[in-house]
Amino acid sequence: MLSKKKLKNDLEGVVLALKKRNFSFDTVELEELEGKRKVNQIETQDLQNLRNTQSKSIGKAKAAGENIEPLLAEVADLGGRLDKAKSELQVIQDKINNIVMSIPNVPHESVPEGDTEDDNIEVMKWGEPMKFDFEIKDHVDLGEKHGLDFATAAKISSARFSVMTGKMAKLHRALTQFMLDWHIENNGYTEAYVPYMVNAQSLTGTGQLPKFEEDLFKTHLHGEEGEARALYLIPTAEVPVTNLMSGKIINESDLPLKFVAHTPCFRSEAGAYGKDTRGLIRQHQFEKVELVQITKPEDSYKVLEELTSHAEGILQALELPYRKVILCGGDLGFSSSKTYDLEVWLPAQNTYREISSCSCFEDFQARRMQLRWRKSQSDKPELLHTLNGSGLAVGRTLVAILENYQNADGSIKIPSALKNYMGDIELIN
RNA sequence: GGAGGGAUGGCAGAGCGGCUGAAUGCACCGGUCUUGAAAACCGGCAAGGGUUAAUACCCUUCUAGGGUUCAAAUCCCUAUCCCUCCA
């Protein structure tokens, strides 16, 4: 959510900045509503003021033993007028809120122009794509030899799910453990275990609601019909982890907060029909190790670089070639002001594919969840900045390992960083 | 399955229809004292919003949503969460 003050004082600037995203909205409507809001709010508050002072004088008169009947007559119609004013104001404020909540974050000045992912700009490349002197297989063919099974998953669930058994399941788990340990030991993150189902408020805090409900799996508690009790499966650990601190005022000495969490992620992939239907790339359920940082405003862009390098550390440790791109305005996520994607080399697709997305949200999420800090005791609380990034998406990392570490006979070499986690075996065959 | 108790500011904890946006303590900030610190003493200290150039004034908020009342932290209903006891 953008600051309402900013929308009021610098609407033109906001509109201009959002052009980079190709996003526009009805500014005339917003300004009209804001004008009405002002009139109605003043009227409502005046009535409330009147009610408060009248009520107080009734109290005093009663305590003094005076006759309060004439005073009561004076306020007889006040309640009705106040109710009317309040409900009118509520309608206006709800409308304003709906508009404001649907406006995405303003891109940082360093975000390049562009409409689609084709306009993203490569920042750097790491590692050389491997050369193979045999006909390579993709991760589906390779994985099926070793316990990766989509047919059975479809039988017990549906498309876009997977089953893994044996060494494949172990490799998948080893990757998760490795990533968690790496970030805890090398990068100073605190491990967090969090719920996999969250309420609407948390999703509103990070920006998935109200606009992107169709991307989520929504559940209903047994026997309950009300919206209030609906829980959603998390699309990313970003939601529960960032919301750990919602509504809090953090002490400066506790900043930055750095959390790492491993969770499954659930996405409906509505609107992705027919896209990436083969293999593990786009699943309804996948594992991710997520990095979240909560920082002082002045540190956030420095931290974005740092957090991205933490995610890169995993790719480097696993010796997987990758490149780093900065997302153009048109490809930027709703809540993000700046995002780097890390894309891993997939030999069978002969291309780089996203494996991590690292974003700075400035105070966009913090404002929605009232996440603040106090510079010093005498200062007013200020909004913090939030950041997160995948460190990494586990399923896609598994894909990368299968494809990059394959041998001619279909066996898979274990990356040296993972050996400890794989019971010291060298090879899956 | 049954019966109760509770949710109040950064924390602890009073208040249980009207000078209560909220006592008191702790924490925190400023000051006095001290070579310095501690102690003691004095003072300050919730958030969000509105009008305003500003001073200032006003509104809202005591888990959430409804209700009663001229007036609700306080009474009633519902939900959520916590705790205790019985089976």
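In what follows, chains are A, B, ... by sequence order, proteins preceding strands, each numbered from 1. Computed from a predicted model, the values in this text were never measured in an experiment.
Proximity of R51(A) to the phosphate of U60(B): a side-chain N or O atom is located under 4.0 Å from OP1 or OP2. Remark: N49(A) is not in phosphate contact with C58(B), judged by side-chain N or O atoms under 4.0 Å from OP1 or OP2. Side-chain nitrogen and oxygen atoms of N52(A) include none within less than 4.0 Å of the OP1 or OP2 phosphate oxygen of G18(B). In this structure, K8(A) reaches the G50(B) phosphate: one of its side-chain N or O atoms is under 4.0 Å from OP1 or OP2. A close approach under 4.0 Å does not occur between any side-chain nitrogen or oxygen of R372(A) and OP1 or OP2 of A46(B).
Residue-level contact check: R367(A) touches neither bases nor backbone, having no heavy atom under 4.0 Å from any strand. Within 4.0 Å of K4(A), counting heavy atoms only, lies no atom of the nucleic acid at all. Nucleic acid contact class of K38(A) (heavy atoms, under 4.0 Å, all strands): sugar-phosphate only.
For the pair L78(A) CG and U69(B) C1', the interatomic distance rounds to 13 Å; values are reported in whole Å. The separation between Q41(A) atom CD and G49(B) atom P is 11 Å, rounded to whole Å. In this structure, the CG atom of N40(A) is 22 Å from the P atom of C58(B), given to the nearest Å. When the P atom of G48(B) is taken as reference, atom CD of E382(A) falls 11 Å away, rounded to whole Å. Atoms CH2 (W373(A)) and P (G10(B)) sit 18 Å apart, rounded to a whole Å. Whole-Å rounding puts the Q93(A) CD to C59(B) C1' distance at 11 Å. Note: CG (L71(A)) to P (U69(B)) measures 19 Å, nearest angstrom. Counting to the nearest Å, the C1' atom of G48(B) and the CG atom of L383(A) are 12 Å from each other.
Under the Watson-Crick and G-U wobble criteria, each requiring two contacts below 3.5 Å, nucleotide A64(B) is paired to U78(B). The partner of A56(B) is U51(B), judged by Watson-Crick or G-U wobble contacts that both fall below 3.5 Å. The nucleotide U84(B) finds its pairing partner in A3(B), both defining distances of the Watson-Crick or G-U wobble pair being shorter than 3.5 Å. For A39(B), there is no paired nucleotide, since no Watson-Crick or G-U wobble pair has both relevant distances below 3.5 Å. Base pairing analysis places G18(B) opposite C70(B); the two distances defining the Watson-Crick or G-U wobble pair are each below 3.5 Å. Taking a pair to require two hydrogen-bonding distances under 3.5 Å in either a Watson-Crick or a G-U wobble arrangement, C28(B) pairs with G44(B).
Between the side chain of R367(A) and the main chain of M1(A), a donor-acceptor pair closer than 3.5 Å is present.
Across the P atoms, C26(B) and G44(B) are found 16 Å apart, a figure rounded to whole Å. Remark: the separation of the C1' atoms in C33(B) and G43(B) is 15 Å, to the nearest Å. Nucleotides C29(B) and C45(B), compared at atom P, are 16 Å apart to the nearest Å.
A salt bridge is absent between K38(A) and E34(A): the closest approach of a Lys/Arg side-chain nitrogen to an acidic carboxylate oxygen does not fall below 4.0 angstrom. No salt bridge links K6(A) with D363(A); every basic N to acidic carboxylate O contact stays at or beyond 4.0 Å.
Below 30°, between 30° and 60°, or above 60°: for Y301(A) and H108(A) the angle between ring planes is between 30° and 60°, a tilted geometry.
Between G79(A) and Q48(A), the one whose closest nucleotide on RNA chain B sits nearer the 5' end is Q48(A). Mapping R37(A) and T53(A) onto RNA chain B by nearest heavy atom places R37(A) at the nucleotide closer to the 5' end.
The side chain of I249(A) approaches G10(B) more closely than any other nucleotide in the set G10(B), G18(B), C58(B). When distances run from any side-chain atom of P381(A) to the nucleotides A47(B), G49(B), C70(B), the shortest one goes to A47(B).
In this structure, the ring of F266(A) has its center no less than 6.0 angstrom from the ring center of Y196(A).
Judged by distance alone with a 3.5 Å cut-off, no donor-acceptor contact links the side chain of K56(A) to the base of G18(B).
Looking at T386(A) and M369(A), their side chains never come closer than 4.5 Å, going by heavy atoms from C-beta outward.
Here the closest non-hydrogen pair linking T295(A) and P256(A) is CG2-CB, 4.1 Å.
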